[in-house]
Amino acid sequence: MRGLASWAKDSPEGTPITTRLQGSGDTAVLEVHNAGDPIPADLLPRLFQPMQRGAPGMDRTTRSVGLGLYIVRHIVDAHGGSIDVTSTPEQGTTFTVRLPREATGR
């Protein structure tokens with residue numbers, strides 16, 4: 001992904017990016033969703049690896065090298081959590097972060 005600003009640009013006009021934060025038992029869950037074009041299915045398995053981008057090419061406004069989600073995954077992992085993404089033409093794209101409410105001692 002090229003960052004939230006670019007993600008907003010790729011979302012259809014008038015379609016908001018929505019966020020939801022909720023707690024369930026011992027877990028906090030953050031979801032970020034948009035209804036833009038889906039992330040290509042062949043990219044989803046490697047999206048959180050370094051040097052991967054949600055869209056091909058690079059221009060002066062994006063300048064992404066594909067490290068953002070790689071870094072996010074490591075931060076989430078360091079806190080004992082998980083991050084997942086679903087992306088379909090019908091449902092849009094949702095990133096879901098789950099974090100324990102208590103320190104894991106890691």
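Just the heavy atoms: all of them, side chains too, but no hydrogens, waters or symmetry mates, feed the values below.
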Practice problem: Just do the side chain to side chain contact (heavy atoms under 4.5 Å, CB included) check on Phe95 and Thr19 with the steps written out, would you? | Solution: CA-CA 10 Å; Phe95 285 88; Thr19 59; over 6 Å; no
Exercise. Show your reasoning for whether side chain to side chain contact (heavy atoms under 4.5 Å, CB included) applies to Val29 and Leu21.
Key: CA-CA 6 Å; Val29 180; Leu21 179 62; over 6 Å; no
Self-check item: Audit row: Phe48, Val72, side chain to side chain contact (heavy atoms under 4.5 Å, CB included) steps and yes/no
Solution: CA-CA 8 Å; Phe48 295 97; Val72 168; 5.7 Å; no
Quiz item: Should Arg98 and Ile83 be marked as a side chain to side chain contact (heavy atoms under 4.5 Å, CB included) after you check the CA-CA gap, both sets of side-chain angles, and the distance that decides it?
Solution: CA-CA 6 Å; Arg98 290 177 179 80; Ile83 183 169; over 6 Å; no
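A search for side-chain hydrogen bond (donor to acceptor under 3.5 Å, both in side chains) contacts involving Glu31 returns Arg20, not counting sequence neighbours.
Interatomic distance, CD of Glu102 versus CG of Asp26, reported as 8.5 Å (0.5 Å rounding).
Under a hydrophobic-cluster definition in which Ile, Leu, Val, Met, Phe, Trp and Tyr are linked whenever side-chain heavy atoms come within less than 4.5 Å, directly or via other members, Ile75 and Leu67 are assigned to the same cluster.
Looking at heavy atoms from C-beta onward, Ile71 lies out of side-chain contact with Leu69 at the 4.5 angstrom threshold. Taking 4.5 Å as the limit, some side-chain heavy atom of Leu99 sits within range of a side-chain heavy atom of Val76. Looking at heavy atoms from C-beta onward, Leu47 lies in side-chain contact with Val85 at the 4.5 angstrom threshold.
At distances below 3.5 Å, at least one donor-acceptor pair connects side-chain atoms of Thr88 with backbone N or O atoms of Gln91. Checking side-chain atoms of His79 against main-chain N and O of His74 turns up no donor-acceptor pair under 3.5 Å. A donor-acceptor contact shorter than 3.5 Å links the side chain of Ser87 to the backbone of Ile39.
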